[in-house]
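Heavy-atom basis, side chains included; hydrogens, waters and symmetry copies ignored.
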Amino acid sequence: DVDLNIGNVDFNGDVEISGNVISGVSVTAKGNVTVGGFVEGAVIKADKDIILKKGSNGKGVAKIEAKGNVITKYIENAKVFAGGYVETGSIIYSEVSAGEDVIVAEKKGFINGGVIRAGGKVEANSIGSSMGAHTVIEVGMPPEKKERFNQLQKDIAEDKKTLEKYRPVMEKYVAYVKTGQPLDAKHKIYFTQILATVNEAKRQLEANQTEYEALQREMMTGTHAKVVVKKDIYPGTQISISDASCVMQEKRSFCCLERKNGEIVINNM
């Protein structure tokens with residue numbers, strides 16, 4: 001086991017742990033990390049792949065981050081990020097993000113609660129639950145880009161708010177200057193400061209809108225993005241595919257959810 005007696009592990013290569021990784025420790029590797037036992041509330045980071053042969057009950061604090069893929073028996077109450085794909089047998093109340101796909105295979109293959117994000121597809125036997133576990137599925141853009149997209153929406157709104165706030169003041173000063181009357185020193189400084197703030201907000205707004213529109217085009221042209229349900233998807237499950245979203249109103253079975261013409265369509269398999 002890697003526990004508090006062993007302490008944290010930081011290695012410039014592959015790390016293989018035959019036992020468990022106990023809460024309160026971290027394992028960091030430049031290569032792969034393989035854990036033969038369970039992972040509790042620990043932090044595991046790898047520059048390549050992470051393989052958990054018995055899965056993780058993260059107790060709400062575990063963080064598992066791989067620049068490559070994450071392959072694990074199950075994920076429960078943990079945060080998992082993979083630059084590549086995530087493959088697991090089940091996901092329970094966890095936050096899972098993958099640059100590529102999230103595949104929840106094996107016999108049960110369920111996603112029950114939490115937020116699952118994938119640049120490509122999410123595939124599982126069942127998604128959500130009859131008990132109404134809050135489950136969110138987002139596909140169509142790598143998680144870090146989707147996060148940036150959401151942040152840009154907020155930044156653009158803030159830039160517009162700033163411009164609207166100073167618009168009446170600018171109009172007042174412009175009208176005063178047009179009368180030909182000079183501004184005193186105090187008002188010159190104030191006007192100069194406001195002008196600088198407005199110009200910076202305009203510059204930032206233009207830059208943010210350009211980046212936002214580029215990401216939006218990328219979202220809309222993604223063809224691999226879909227949610228594949230091999231058994232059941234339950235009411236209340238939130239689905240986002242690129243820029244389209246919906247909340248499941250009824251139970252559907254053996255279906256595939258994709259974005260077409262700006263809307264999410266559900267086709268039987």
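Listed by chain and residue number, Lys161 satisfy the side-chain contact (heavy atoms from CB on, under 4.5 Å) test with Glu158 (two or more places apart in sequence, or in another chain). When the salt bridge (charged side-chain N to carboxylate O under 4.0 Å, His left out) test is applied to Glu95, the partners found at least two apart in sequence or on another chain are Arg117. With sequence neighbours excluded, the residues that form a side-chain contact (heavy atoms from CB on, under 4.5 Å) with Ala201 are Thr162, Leu163. Shown here are the side-chain contact (heavy atoms from CB on, under 4.5 Å) partners of Ile266, two or more places apart in sequence or in another chain: Met248, Arg252, Cys255, Leu257. For Ser130, the side-chain contact (heavy atoms from CB on, under 4.5 Å) partners are Tyr234, not counting sequence neighbours.
A distance of 4.0 Å separates CD1 in Ile264 from SG in Cys246, rounded to the nearest 0.5 Å. To the nearest 0.5 Å, the span separating CG on Leu215 from OG on Ser242 amounts to 11.5 Å. How far NZ of Lys231 is from CD1 of Ile233: 15.0 Å, rounded to the nearest 0.5 Å. Note that the CG atom of Asn5 and the CG atom of Asp3 stand 4.5 Å from one another [nearest 0.5 Å]. Separating the CD atom in Glu100 from the CD atom in Glu87 is a distance of 12.0 Å, to the nearest 0.5 Å. Summarising the geometry, atom CG belonging to Asp101 is positioned 10.0 Å from atom CG belonging to Asn69; distances are rounded to the nearest 0.5 Å.
Both Tyr176 and Val169 belong to a single network of hydrophobic side chains, linked directly or stepwise wherever heavy atoms of I, L, V, M, F, W or Y lie under 4.5 Å apart. A single hydrophobic cluster is seen to contain both Leu195 and Leu205, as judged by linkage of ILVMFWY side chains at heavy-atom distances under 4.5 Å, directly or through other members. Placement of Leu4 and Val2 within a single hydrophobic cluster is found when ILVMFWY residues are connected by side-chain heavy-atom separations under 4.5 Å, directly or transitively. Ile71 and Val96 are not part of a single hydrophobic cluster, where members link through side-chain heavy atoms under 4.5 Å apart.
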Next on the checklist: Using side chain to side chain contact (heavy atoms under 4.5 Å, CB included), reason through Val198 and Met170 one step at a time and then give a plain yes or no.
Outcome noted: CA-CA 9 Å; Val198 168; Met170 288 293 295; 4.1 Å; yes
Item to check | Working for side chain to side chain contact (heavy atoms under 4.5 Å, CB included), residues Asn261 and Glu263 | outcome: CA-CA 6 Å; Asn261 300 320; Glu263 296 182 341; 5.9 Å; no
Checklist entry - What do the steps show when you test Lys73 against Lys53 for side chain to side chain contact (heavy atoms under 4.5 Å, CB included), and what is the final call? => result CA-CA 6 Å; Lys73 194 76 173 176; Lys53 294 184 177 180; over 6 Å; no
Checklist entry - Stepwise, does the side chain to side chain contact (heavy atoms under 4.5 Å, CB included) test hold for Leu52 with Val33? => result CA-CA 8 Å; Leu52 310 180; Val33 174; 5.7 Å; no
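Each of Ile64, Val39, Val35 was checked for a side chain to side chain contact (heavy atoms under 4.5 Å, CB included) with Ile50, and the lone residue meeting it is Ile64.
Using a 4.5 Å heavy-atom threshold, the side chains of Thr72 and Ile51 count as separate. By the 4.5 Å heavy-atom criterion applied to side chains, Asp155 and Arg148 are counted as neighbours. Looking at Glu211 and Leu152, their side chains come closer than 4.5 Å, going by heavy atoms from C-beta outward. Using a 4.5 Å cut-off on side-chain heavy atoms (C-beta onward), Val102 and Ile91 make contact. The closest side-chain heavy-atom distance from Cys256 to Lys226 is below 4.5 Å. The side-chain heavy atoms of Ile137 and Ile111, taken from C-beta on, include a pair separated by under 4.5 Å. Side chains of Val21 and Glu40 form no contact here, defined as non-hydrogen atoms less than 4.5 Å apart. In this structure, Asn208 and Asp159 have side chains that are in contact, with non-hydrogen atoms separated by less than 4.5 Å.
Between Gly89 and Val104, the shortest heavy-atom contact is O-CG1, 3.5 Å. Between Asn267 and Glu258 the shortest heavy-atom distance is ND2-OE1, 4.0 Å. Ile22 and Val25 get closest at one heavy-atom pair: O-CG2, 3.1 Å. Here the closest non-hydrogen pair linking Gly262 and Ala244 is O-CB, 3.6 Å. Closest heavy-atom contact between Ser253 and Lys251: OG-CE, 4.3 Å. Listed here is the closest heavy atom pair of Ser56 and Ala62: OG-CB, 4.3 Å.
Within 6.0 Å of CD on Glu147 lie no more than 12 heavy atoms contributed by other residues, nucleotides or ligands. The number of heavy-atom neighbours closer than 6.0 Å to CD of Glu206, taken from other residues, nucleotides and ligands shown, is 12 or below.
Applying the 4.5 Å side-chain rule to ILVMFWY residues, one finds Val115 in the same cluster as Val136. Think of Ile92 as one node in a network of Ile, Leu, Val, Met, Phe, Trp and Tyr side chains linked at under 4.5 Å; its network also takes in Tyr93, Phe110. Residues Phe38 make up the rest of the hydrophobic cluster containing Tyr74, defined by ILVMFWY side-chain heavy atoms closer than 4.5 Å, directly or through other members. Residue Met269 is found in a hydrophobic cluster whose other members, listed by chain and number, are Val228; membership requires side-chain heavy atoms under 4.5 Å apart, directly or through intermediates.
Under the 3.5 Å distance criterion, the side-chain polar atoms of Ser240 are left unmatched by any main-chain donor or acceptor of Glu138. Side chain of Gln238 to backbone of Gly236: no donor-acceptor contact under 3.5 angstrom is found. Counting only distance, with no hydrogens or angles, the side chain of Thr135 and the backbone of Asn112 share no donor-acceptor pair below 3.5 Å.
For residues 185-211, every residue pair satisfying the ring pair (Phe, Tyr, Trp, His ring centres under 6.0 Å) rule, not counting sequence neighbours, is listed here: Tyr173-Phe191.
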Without placing hydrogens or testing angles, list every side-chain donor-acceptor pair under 3.5 Å for residues 79-86, not counting sequence neighbours.
none

Identify all side-chain donor-acceptor contacts of residues 8-19 below 3.5 Å with residues at least two apart in sequence or on another chain.
from, atom 1, to, atom 2, distance (Å)
Asn8, OD1, Ser26, N, 3.0
Asn8, OD1, Ser26, OG, 3.4
Asp14, OD1, Asn32, N, 2.7

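In summary, Glu171 and Arg167 engage in a salt bridge, as defined by a charged side-chain N under 4.0 Å from a carboxylate O. Salt-bridge check for Lys59 with Glu76: failed, with every basic side-chain N at 4.0 Å or more from each acidic carboxylate O.
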